[in-house]
> 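Pasting a structure here, questions to come.
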Amino acid sequence: MKVSGVDLLIVGSGPAGLAAAIAAKQSGLSRVRVIEREREAGGVPRHSFHTGYGVRDLHRVMNGPRYAARYISQTINSGVQISTSTTAIDWADERTLALTSPSGLEEVTAGRIILATGARERGRNARVVAGTRPAGIYTTGSLQQSVYLHHQEIGSRAVIIGAEHVSFSAVMTLAHANVDTVAMLTSEAHHQSYFPLHWATALRYRYALRTNTSLLEILGRDRVSGVRVLTPKGEEVIECDTVVFTADWIPDHELARKGGLQMNDVTKSPIVNHHHETSRSGVYAIGNLLLPIKSADQCALEGSSLLSKNW
Amino acid sequence: MAIAEHVRELLTSSGLELGQQSDLPAIHLPALGESGIRPYLNDALISDTPSYGEIVCHCERVTRGEIDAAMISPIPPRDQAALARRTRATLGRCQGFYCHAEVRALLENAGGAL
């Protein structure tokens, strides 16, 4: 097993992690390393092709992959080492992480560790939805990767569960894959996004936003054949071959929990002080690991401001 | 195996010539349980075959090496559900938020289907 040391180890190469790495270099730290468990750095923006990235941090608007590419090249140019396909599997010590990668096992001891592991959407199981388990069930994250990174076949008629910002991103992703969105369901009385965004997407993609409507059951044997829903007027079956569960975010907090960091029971995030330091000295948490969900530019600003504040 | 033995006896007793019995390929069960060393923790295995150090399903820590091995095994899984039962891939807490597309790509490239 390899043993190494760095001044700063950052877990996660999304906007928060990369922005923190760049800021760390600018503040004069010499050995800064970012580890990323996916094959490519960039985090969620890398498979989120809609526009709107970069407003608050870069003061311009671009799509997700271009936004991710900018941060990656800036990080590499500033002399940070990015290790992809590298997973932090456990803590070996207070500030030592055990890593697995195709080059083998490694233990890295760091002066400071920043956790920037992001968040994921709750899937069908975590939401405890009744019914069968056919193919054709996605979250926005898995849908975007299928469509944009692997160009896989999706289906023809989709129902979207949830009506938050990311739900509209799902509509655009489905349209890109030639899938009609037939309905967007929310058990709330209104959608939870910007009114112009909903208005424009609904006008362009022509789906029905069904408020006060909850999902009762998923139907279908090998493939989704429909969903049974409860509307204010009673039960109804909507025929579809694809169901996308959107939003309902949960932090990807396994590493924080494994380390025994104090956790917030409500947000499921590690508890941090005003310097973003967790209950363990020298271990910090930023980005969507804390109170998901924030936009990419907000995460990046959180990452870059972390070092200017207290280091 | 007991059913196969019984069928063989029935066929023989009905007068069918079954010919020479050939050796079956050895079946190695993948190390799915946590009692032994899973491939992602096996330094010797990873240095021999680096894809055993490339985790594809992060929740269940299933590596690309394990998925490749399942797909070229004597009885390869044909769809994603079968691959999941064989390797644990996509069966963790995120239920495929991160790995669904990647696992599906590995499956389809090896001749399986969604």
Side-chain angles (χ1 to χ4, degrees), chain A residues 1-2 36-40 43-44 47 84-90 98-106 117-127 133-155 222-223 245 248-250 252-255, chain B residues 31 34 37-68 77-85 88-114:
Chain A
M1 187 187 62
K2 212 167 104 182
E36 167 58 52
R37 64 188 190 177
E38 298 290 341
R39 210 169 359 190
E40 278 173 41
V44 165
H47 53 71
T84 53
S85 294
T86 302
T87 307
I89 49 178
D90 209 349
L99 314 183
T100 287
S101 77
S103 41
L105 305 184
E106 182 181 354
T117 47
R120 62 174 188 264
E121 293 163 297
R122 282 188 178 83
R124 180 260 177 96
N125 287 49
R127 302 187 198 206
R133 297 175 175 278
I137 302 173
Y138 294 85
T139 49
T140 317
S142 64
L143 176 75
Q144 286 183 344
Q145 293 180 59
S146 282
V147 171
Y148 292 120
L149 301 185
H150 294 280
H151 313 288
Q152 290 161 344
E153 178 77 37
I154 302 299
D222 295 328
R223 177 79 204 193
F245 287 93
D248 197 357
W249 298 91
I250 180 168
D252 225 42
H253 57 195
E254 281 65 34
L255 194 59
Chain B
E34 300 293 331
I37 298 179
R38 295 276 307 281
Y40 74 92
L41 289 172
N42 190 334
D43 220 2
L45 182 66
I46 297 170
S47 71
D48 190 49
T49 313
S51 60
Y52 282 108
E54 186 185 334
I55 297 178
V56 173
C57 166
H58 303 290
C59 303
E60 294 297 311
R61 293 180 175 173
V62 182
T63 61
R64 192 163 62 76
E66 291 164 271
I67 294 174
D68 290 346
R78 286 176 55 202
D79 59 22
Q80 193 150 3
L83 180 64
R85 288 192 292 272
R88 295 167 58 161
T90 73
L91 294 184
R93 5 167 226 282
C94 90
Q95 291 283 311
F97 175 90
Y98 292 107
C99 71
H100 164 86
E102 183 77 26
V103 170
R104 181 176 163 188
L106 291 172
L107 179 81
E108 289 178 344
N109 288 342
L114 180 69

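Values below: every heavy atom of this structure, side chains too, minus hydrogens, waters and symmetry copies. Residue numbers start from 1 in every chain, and the chains themselves are labelled A, B, ... in the order their sequence lines are given, proteins ahead of strands. All of these numbers come straight from a predicted model, not from anything done at the bench.
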> Counting only non-hydrogen atoms closer than 4.5 Å, does B:E54 touch chain A with its backbone (N, CA, C, O), its side chain (CB onward), both, or neither?
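It is both, since atoms from each part get that close.
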
> Is the backbone N or O of B:A101 less than 3.5 Å from a side-chain atom of A:Q152, with the two atoms forming a donor-acceptor pair by type?
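Yes, because the side chain of A:Q152 sits within donor-acceptor range (under 3.5 Å) of the backbone of B:A101.
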
> Please report the closest heavy-atom contact between B:R104 and A:Y138, naming both atoms and the distance.
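B:R104 and A:Y138 have their closest heavy atoms at NH1-OH, 3.4 Å.
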
> Are any non-hydrogen side-chain atoms of B:E102 and A:E38 less than 4.5 angstrom apart?
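Of all side-chain heavy-atom pairs linking A:E38 with B:E102, none is under 4.5 Å.
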
> Do you know which two heavy atoms are closest between A:S142 and B:G96, and how far apart they sit?
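Scanning both residues, the minimum pair turns out to be CB-O, 3.3 Å.
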
> Answer yes or no: does atom CZ of B:R78 have more than 12 heavy-atom neighbours from other residues, nucleotides or ligands under 6.0 Å?
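Counting other residues, nucleotides and ligands, CZ of B:R78 stays at 12 neighbours or fewer.
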
> Drop me the distance from A:E121's CD to B:C94's SG, to the nearest 0.5 angstrom.
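The CD atom of A:E121 sits 10.5 Å away from the SG atom of B:C94.
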
> For B:Y40, does its backbone N or O pair with a side-chain atom of A:T100 as donor and acceptor, under 3.5 Å?
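At least one qualifying donor-acceptor pair exists.
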
> Under 4.5 Å, counting heavy-atom pairs only, tell me which of A:G136, A:S101, A:G123, A:A135 racks up the most with chain B.
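Max contact count across the listed options: A:S101.
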
> Counting heavy-atom pairs closer than 4.5 Å to chain A, which one of B:S47, B:G53, B:S51 comes out on top?
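Sorted descending by pairs with chain A, the first entry is B:G53.
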
> Need one label for A:R223: side chain, backbone, both or neither, based on atoms under 4.5 Å from any heavy atom in chain B.
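Interface part for A:R223: side chain.
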
> Where on A:L105 is there a heavy atom nearer than 4.5 Å to chain B: the side chain, the backbone, both, or neither?
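Interface part for A:L105: both.
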
> Heavy atoms, side chains only, cut-off 4.5 Å: are B:R93 and A:E254 in contact?
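Answer yes - side chains close enough.
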
> Between A:Q145, A:R120, A:E153, A:R133, which has the largest tally of heavy atom pairs under 4.5 Å with chain B?
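Top option by heavy-atom pairs under 4.5 Å: A:R120.
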
> Heavy-atom cut-off 4.5 Å, strictly under: side chain, backbone, both or neither for A:S146 against chain B?
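For A:S146, backbone and side chain are both near chain B.
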
> Quick one: what part of A:S85 sits under 4.5 Å from any heavy atom of chain B, side chain, backbone, both or neither?
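For A:S85, heavy atoms of backbone and side chain both lie under 4.5 Å from chain B.
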
> Between A:R122, A:M1, A:R39, A:Q144, which residue shows the highest count of heavy-atom pairs closer than 4.5 Å to chain B?
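Of the candidates given, the most pairs with chain B belong to A:R39.
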
> Donor-acceptor pair, distance only, cut-off 3.5 Å: does the side chain of B:R61 make one with the backbone of A:I89?
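Side chain of B:R61 to backbone of A:I89, a donor-acceptor pair under 3.5 Å: yes, one is there.
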
> If I take atom CG from residue A:D252 and atom CZ from residue B:F97, how far apart are they, to the nearest 0.5 angstrom?
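A:D252 CG to B:F97 CZ: 8.5 Å, rounded to 0.5 Å.
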
> Roughly how far, to the nearest 0.5 Å, is CG of B:D79 from CG of A:D222?
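Answer for the CG-CG pair, A:D222 versus B:D79, is 8.5 Å.
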
> At a 4.5 Å cut-off on heavy atoms, which part of B:L41 comes close to chain A: side chain, backbone, both, or neither?
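Both backbone and side chain.
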
